[in-house]
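A quick write-up on the structure given underneath.
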Amino acid sequence: MGNTLVIKGLDGERKLEGSVRITGAKNVALKAIASTVLFRDSVKLENVPEIDDVFRMLELLREMGAEVSHTKSGSYIVSVPHNLNTDLPLEIAKRMRASIVLTGPVLARYGKVSFPHPGGCLIGSRPVDLFVEGFEKMGAKVSFKDNTYSVIAKSGLRGAEFFLKNQSVTVTETFMMAAVCAKGTTVIKNAAIEPEITDLAQFLNKCGAKIVGAGTSTITIRGGKLLTGKGKSYKTMPDRIDAGSFLILGALAARELHITNCNPVHLEAVIQALRSAGVDIKIKKAEIIVRAPAKILPVDIKTHEYPGFPTDLQAPMTVFLTQAQGESLVFETIFEGRLNYTEALAAMGAQITMMDPHRVLVRGKSELRGRKLKSPDLRAGLAFVIAAIVAKGESVIHNVDTTIDRGYEDVDKRLRAIGVSIERTESGEQTLAE
Ligand code: EPU
């Protein structure tokens, strides 16, 4: 049985209003949870989003022997023992790509780790070669058998210098964390510069790490000791993808929507694209106010590593562009499988032509019609929710628990509060993606 969302569309009306509170960021909360392995005592994590990926990551650590307590909504205390089991539980790790960030801290602290080839959203081939190369550079031996990698560093990890051929966020974070416990100095060049990495590094530094340059393309880490969480806590930064998704929804369908507890600085590329399309956006320190325009202008979008247009907001933005008057080109440069959902949008009435696996041409304005949808991944799932809200008639979105619920907290509740007609039901539909 899967969860289903039933949405009654607004048929293009701009009438959503009220405010939406942004949650803590999934893509740093998961890494902060992994970082607890680097601590000799317990760590307090706050503003953690209550989403399925977080539950799975905590479950992984629990199964490996960590103690996790949930003190109140969004607050957890994690304590990792001296004798943590170093095998990542296969079933959970296989289903969640982010589990791979645990490998760095576990290997660095305990000298070994085993993990399955990770799964996650079906958005491209998603190799792990950079992880394997990095472990080897730091002195570990890697073997692969029965879909499982075994990594051993008999005399511990030692600092190394890397140049990442791709600016991967999780590779950067994995080695930044591994380096905290490794002997000597590690230099990561062509590192990813996403704000989640900076946030994580600042927290680790507060607890004794020596990380310099996070947020730039060269990060230097002096390693060698475990951290302490005594008297400290980590407050998860706001989720820029959660905020950006509501911003795009507001740009399509809001009389006036206030997006609160967010960091507008992290969304410059999105705000700029929406403003070029004619959207009225006001920015305060931790709040964005958006009103949908009567007419949307076309804009071309090219996804890019931060601070460029985020790939995780490409699908919601494509939905937005179906309502623009004219032609827009969407160029997905990060993942080759991240435009497959456009077929379903076309079935709703959008005019979208696939130019090649990385580019689609969107012609608007199209009237979208509600229909039955199955989300291929987490971010496209939210894009389907937005499309359903804008459409005429009713849409039924399946696979919500294996896609949307992984990354967005209480999505139906928050949408209902701003005027969306949305209900959650259980259905017998088979799940498609994990
Ligand atoms: N790559 C390699 N070799 C590797 C690993 C990655 O070549 O060993 C390449 C990939 O092929 C891709 C690029 O590096 O071209 C980045 O891919 P990767 O899978 O490493 O992305 P990531 O850094 O793990 C994070 C987020 C993604 C987000 C991307 C881009 C997490 C857990 N995931 O992925 O988030 O799309 O950065 O910003 O932080 C999501 O939240 O839905 C999501 C997919």
Side-chain angles (χ1 to χ4, degrees), residues 23-35 49 51-54 56-57 60 93 95-104 115 117-137 142 144 149 162-177 188 190-200 236-237 239-245 266 269-270 303-316 332-338 341 357-358 375-383 402-409 433-434:
T23 63
K26 165 176 96 74
N27 282 345
V28 67
L30 295 173
K31 325 309 171 49
I33 293 170
S35 82
I51 52 174
D52 285 358
D53 270 10
V54 160
R56 280 191 206 173
M57 195 71 159
L60 263 180
R95 286 160 57 199
M96 183 169 66
R97 168 128 186 135
S99 63
I100 203 165
V101 295
L102 259 174
T103 60
F115 63 98
H117 191 87
C121 286
L122 308 171
I123 54 177
S125 60
R126 312 197 77 184
V128 298
D129 55 329
L130 287 171
F131 293 90
V132 172
E133 274 171 33
F135 293 142
E136 287 175 342
K137 274 215 159 132
V142 184
F144 183 66
Y149 294 88
F162 310 96
F163 182 92
L164 306 184
K165 69 171 182 202
N166 284 318
Q167 277 189 334
S168 160
V169 175
T170 45
V171 171
T172 303
E173 291 160 336
T174 302
F175 288 100
M176 185 172 87
M177 290 193 280
I188 308 173
N190 200 29
I193 61 168
E194 268 62 8
E196 290 78 9
I197 299 171
T198 317
D199 208 52
L200 178 66
T236 314
M237 63 176 259
D239 194 311
R240 63 195 165 98
I241 307 304
D242 194 44
S245 305
H266 294 161
V270 183
T303 65
H304 197 278
E305 288 84 5
Y306 188 82
F309 196 96
T311 170
D312 292 341
L313 287 173
Q314 175 262 107
E332 168 57 55
T333 68
I334 315 276
F335 295 113
E336 70 277 14
R338 228 178 192 184
Y341 70 90
H358 283 279
S375 166
D377 72 74
L378 162 64
R379 306 304 181 185
L382 210 271
T402 52
T403 56
I404 298 168
D405 289 346
R406 286 187 37 214
Y408 301 91
E409 183 178 313
E434 298 191 292

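FYI, the numbering just counts along the sequence from 1. Indexing begins at 1, ligand by ligand and atom by atom, following the structure's order.
Between atom CG of residue Leu200 and atom CD of residue Glu194 there is a gap of 13.0 Å, rounded to the nearest 0.5 Å. Between Met237 atom CE and Asn27 atom CG the span is 9.5 Å, to the nearest 0.5 Å. Taking CG of Asp52 as the start and OG1 of Thr403 as the end, the distance is 10.0 Å to the nearest 0.5 Å. Atom CG in Leu102 sits 4.0 Å away from atom CE in Met57 (nearest 0.5 Å).
Within ligand 1, counting atoms from 1 as listed, the ones closer than 4.0 Å to a heavy atom of Ile334 are 15 (O). Every atom of ligand 1 is numbered from 1 in the order shown, and the set under 4.0 Å from a heavy atom of Leu378 is 42 (O). Close approach of ligand 1 to Val169 is summarised as follows: ligand atoms under 4.0 Å from at least one heavy atom of the residue are 23 (O), 25 (C), 37 (O). Counting atoms of ligand 1 from 1 in the listed order, those under 4.0 Å from a heavy atom of Lys26 are 40 (C), 41 (O). Of all atoms in ligand 1, listed by their number and element, those nearer than 4.0 Å to a heavy atom of Thr311 are 30 (C), 36 (O). Under a 4.0 Å criterion applied to the non-hydrogen atoms of Val128, ligand 1 contributes the atoms 8 (O). Set against the non-hydrogen atoms of Arg97, the atoms of ligand 1 under 4.0 Å away are 5 (C), 19 (O), 20 (O). For ligand 1 and Ala98, the ligand atoms under 4.0 Å from any heavy atom of the residue are 32 (C).
Remark: ligand 1 and Leu130 share an N or O pair separated by less than 3.5 Å (distance only, no angle test). For a threshold of 3.5 Å applied to N or O pairs, the pair formed by Glu173 and ligand 1 contains no separation below that value.
Only the side chain of Phe335 comes within 4.0 Å of ligand 1, counting heavy atoms alone; its backbone N, CA, C and O stay farther away. Looking at Asn166 against ligand 1, only its side chain comes within 4.0 Å, counting heavy atoms. With a heavy-atom cut-off of 4.0 Å, Gln167 does not touch ligand 1 at all.
Under the 4.0 angstrom criterion for non-hydrogen atoms, Pro127 is in contact with ligand 1. In this structure, Lys31 counts as a contact residue of ligand 1, since one of its heavy atoms falls inside 4.0 Å of the ligand. Remark: distances from the non-hydrogen atoms of Glu133 to ligand 1 are all 4.0 Å or more. Distances from ligand 1 to the non-hydrogen atoms of Arg338 include at least one value under 4.0 Å.
Contact of the Thr170 side chain with the Phe131 side chain is registered, since non-hydrogen atoms from C-beta on lie closer than 4.5 Å.
Of the candidates His304, Glu305, Arg338, Arg338 is the only one forming a side-chain hydrogen bond (donor to acceptor under 3.5 Å, both in side chains) with Thr311.
Ion pairing of Arg97 with Asp53 is absent here, as no side-chain N (NZ or NE/NH1/NH2) approaches a carboxylate O to less than 4.0 Å. Using a 4.0 Å cut-off between charged nitrogen and carboxylate oxygen, Glu173 and Lys31 count as a salt-bridge pair.
Across Asp312, Leu313, Thr403, Val171, heavy-atom proximity to atom 43 (C) of ligand 1 is greatest for Asp312.
The closest donor-acceptor contact from the side chain of Glu332 to the backbone of Phe335 lies under 3.5 Å. The main-chain N or O of Leu164 is found under 3.5 Å from a side-chain atom of Asn190 such that the two form a donor-acceptor pair. Of the possible polar contacts, one joining the Thr333 side chain to the Thr303 backbone as a donor-acceptor pair under 3.5 Å is found.
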